[in-house]
Amino acid sequence: MNSMKTNCKESSTGKQITKWYRAKGRNNLPWRENITPYRVWISEIMLQQTQAKTVVNYFKKFISRYPTFEDFKSASEENVLSLWKGLGFYRRARNLYRAKEIILKKFSGKLPNSFENLITLPGIGKSTAGAILSIAYKLPYPILDANVKRVLTRLFFITDGNEKELWDLSNQILDKTNVDDFQQGIMDLGATVCTPKNALCGECPLNKKCISFYKGELPTVNVKKINKKNVYLEFEIYEKNQKIFLVKNNQLGFWDGLWIMPIAETKQLKTELIHKLSHRNLHISFANKSNDELKSEGKWFDISQLSKLPTPKPISDKLSLYVQNFL
DNA sequence: AAGCCGTGGAC
DNA sequence: TGTCCAAGGCT
């Protein structure tokens, strides 16, 4: 067993992954064309905790609006949030805007190519910095995303979820001469072969080295149990002359910066629909109000503006119903 | 340092 | 149907 563990740390493992990637990796992902630091940055932020398939259309839309960093320079936070609409984890969008401003002020308008500078930017942590350095600048820095974590956990049969050990291993097996393809390869391996359920070990290029495959036992990767709280929200609908009144949210602790309808202070527990967030179940209801009751600070939006306005999913759904009724 | 942040794919 | 969980970072 020890010889096996030593065996898979050899640099040949990294090269096997690179080779596999070039033959069988996902070759239809838009951020893998015309690779530039800017495009890698945008895609890596979008891909945080978000499946590649979900990101594809958002990335295309973003890039078609802002093809290069030069085009992105003048974007407002509201512009970025609009392009993020429906993608979730909206702090990423606001951090992207903040990071852009810092790049303009402190880094001469160029995305840094050093680890130390990259991780000073909001939204870029150790793993995202590693991805940018590896894929955009071809510098050998480790990544530890969910895919890499799962592959390494199984390859080396790490049962205690030791993060430092996983980072060390990620660093050790790097194919330094082909870091860009290697990193995309190990992530593809985790996403398409070494999957959470029904792993395709028979197709894995590393199965002869994999301790878990040898043992016939795949260790489970950190399953966090979350206690979801129920939150009751009643949204007030104010409408006049084909306009809807909305407020910019900063009171909920989630959906920060998105436009929502004013929230009623009622304590009645009504549930028209349940919208599930990662940590809460929202019980949502709506109430039609008369405009003389309006006290919130906000803005009237014409129905023609609503589809592009950054609003959270359940609000977007409700608003689109309203727009349909006017047509 | 554990809890928080959104939405949807996959099964 | 419900459940798991995703190219994580921030506080």
Side-chain angles (χ1 to χ4, degrees), chain A residues 21 25-26 29-32 35 39-59 81 84-96 98-99 118-136 141-152 161 163-164 166-167 170 180 182-192 194-200 220-229 231 249-250 252-258 260 274-282 284 310-317:
Chain A
Y21 171 70
R26 290 176 290 185
L29 300 174
W31 48 88
R32 291 185 176 167
I35 291 178
R39 289 168 60 98
V40 173
W41 173 40
I42 302 300
S43 65
E44 288 301 328
I45 301 300
M46 287 186 170
L47 285 161
Q48 289 170 357
Q49 291 291 286
T50 311
Q51 294 184 341
K53 184 170 185 177
T54 304
V55 170
V56 168
N57 286 333
Y58 282 90
F59 179 79
L81 275 173
W84 222 264
K85 179 177 183 174
L87 189 56
F89 283 145
Y90 299 98
R91 181 162 28 178
R92 293 181 295 176
R94 291 180 292 119
N95 280 341
L96 195 60
R98 288 175 56 205
L118 276 174
I119 59 170
T120 66
L121 296 172
I124 299 183
K126 204 172 169 184
S127 199
T128 300
I132 292 171
L133 291 165
S134 299
I135 298 168
Y141 281 82
I143 296 176
L144 195 62
D145 71 331
N147 290 313
V148 177
K149 193 176 289 185
R150 187 168 53 252
V151 170
L152 296 178
E163 287 264 329
K164 184 183 184 315
L166 289 170
W167 273 107
S170 175
D180 48 350
F182 164 80
Q183 296 290 23
Q184 311 213 62
I186 191 168
M187 289 191 281
D188 274 14
L189 196 59
T192 65
C194 194
T195 48
K197 294 173 184 172
N198 305 321
L200 306 174
T220 47
V221 188
N222 56 305
V223 186
K224 286 187 201 170
K225 285 295 174 190
I226 297 169
N227 248 345
K228 283 203 175 188
K229 290 181 181 174
V231 177
N249 173 48
N250 62 357
L252 288 172
F254 48 89
W255 294 339
D256 270 357
L258 302 189
I260 61 174
I274 295 178
H275 181 78
K276 296 179 177 180
L277 302 181
S278 48
H279 285 70
R280 304 155 205 253
N281 288 332
L282 305 184
I284 291 176
T311 49
K313 178 68 164 58
I315 303 300
S316 307
D317 290 347

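Throughout, protein chains are lettered first and strands after them, A, B, ... in sequence-line order, and every chain is numbered starting at 1. Bear in mind the structure is a predicted one, so any value in this text is a computation, not a measurement.
In this structure, A:Gln49 atom CD and B:dT7 atom C1' are separated by 12 Å, rounded to whole Å. Per the geometry, OH belonging to A:Tyr90 stands 20 Å off P belonging to C:dG9, to the nearest Å. In this structure, A:Glu163 atom CD and C:dG8 atom P are separated by 12 Å, rounded to whole Å. Going from atom CZ of A:Arg91 over to atom C1' of B:dG6 covers 12 Å, rounded to whole Å. In this structure, A:Asp145 places its CG atom 9 Å from P of C:dG9, rounding to the nearest Å. Spacing between atom OH of A:Tyr58 and atom P of B:dG6 amounts to 13 Å, rounded to whole angstrom units. The CZ-P distance, from A:Arg92 to C:dC10, rounds to 13 Å in whole Å. Atom P of nucleotide C:dA6 and atom CE of A:Met187 are separated by 14 Å, given to the nearest angstrom.
Put simply, the residue from A:Tyr58, A:Trp41, A:Phe59 that forms a ring pair (Phe, Tyr, Trp, His ring centres under 6.0 Å) with A:Trp31 is A:Phe59. Between A:His275 and the options A:Asn281, A:Val231, A:Leu282, a side-chain contact (heavy atoms from CB on, under 4.5 Å) holds for only A:Leu282.
One C1' atom belongs to B:dG6, the other to C:dA6, and the distance between them is 12 Å to the nearest Å. Across C:dA7 and B:dG3, the matching P atoms stand 24 Å from one another, rounded to whole Å. The gap from the C1' atom of C:dT11 to that of B:dA1 amounts to 9 Å, rounded to the nearest Å. As rounded to the nearest Å, B:dG9 and C:dG9 have P atoms that lie 23 Å from one another. Look at the C1' atom in both B:dG8 and C:dC10: the space between them is 23 Å, to the nearest Å.
Across all strands shown, A:Ala146 has heavy atoms under 4.0 Å from sugar-phosphate atoms exclusively, and none from any base. Within 4.0 Å of A:Gly253, counting heavy atoms only, lie sugar-phosphate atoms of the nucleic acid but no base atom. Residue contacts for A:Thr50: at a heavy-atom cut-off of 4.0 Å it reaches a base atom on one of the strands shown. Within the 4.0 angstrom heavy-atom criterion, base atoms lie near A:Leu87. Using a 4.0 Å heavy-atom distance criterion, A:Trp84 is classed as making no nucleic acid contact.
Mapping A:Arg32 and A:Ile119 onto DNA chain C by nearest heavy atom places A:Arg32 closer to the 5' end of the strand. Toward the 5' end of DNA chain B, the nearer of the two residues A:Phe89 and A:Lys53, judged by each one's closest nucleotide, is A:Phe89. Comparing A:Gln51 and A:Ser278 against DNA chain B, the residue whose closest nucleotide sits nearer the 5' end is A:Ser278. When the nearest nucleotides of DNA chain C are assigned to A:Lys197 and A:Asn147 by heavy-atom distance, the more 5′-ward of the two goes with A:Lys197.
When atom types are taken as modelled, the side chain of A:Ser43 and the backbone of A:Val40 share a donor-acceptor pair closer than 3.5 angstrom. Side chain of A:Thr195 to backbone of A:Ala191: no donor-acceptor contact under 3.5 angstrom is found.
Checking C:dC10, C:dG8, B:dG6 against every side-chain atom of A:Leu277, the shortest atom distance belongs to B:dG6. Distances from the side chain of A:Lys276 to the nucleotides C:dG9, C:dT3, B:dG6 place C:dT3 closest. The side chain of A:Pro312 approaches B:dT7 more closely than any other nucleotide in the set C:dG8, B:dC5, B:dT7. Of the candidate nucleotides B:dG6, B:dC11, C:dA6, B:dC11 has the atom lying nearest to any side-chain atom of A:Asn198. Listed nucleotides B:dG6, B:dC5, C:dG8 differ in distance to A:Trp255; the shortest reach to its side chain belongs to B:dG6.
Looking only at side-chain heavy atoms (C-beta outward), A:Pro310 and A:Trp255 stay at 4.5 Å or farther from each other.
Side-chain nitrogen and oxygen atoms of A:Ser43 include none within less than 4.0 Å of the OP1 or OP2 phosphate oxygen of C:dA7. One finds a side-chain N or O of A:His275 lying less than 4.0 angstrom from the OP1 or OP2 phosphate oxygen of B:dT7. Dashed line: the shortest gap from a side-chain N or O of A:Arg280 to OP1 or OP2 of B:dG6 is not under 4.0 Å. Taking side-chain N and O atoms only, A:Arg150 has a distance below 4.0 Å to OP1 or OP2 of C:dA6.
A side-chain donor from one of A:Arg98 and A:Asn95 sits under 3.5 Å from a side-chain acceptor of the other. Residues A:Gln184 and A:Arg32 bring a donor and an acceptor atom of their side chains to less than 3.5 Å of each other.
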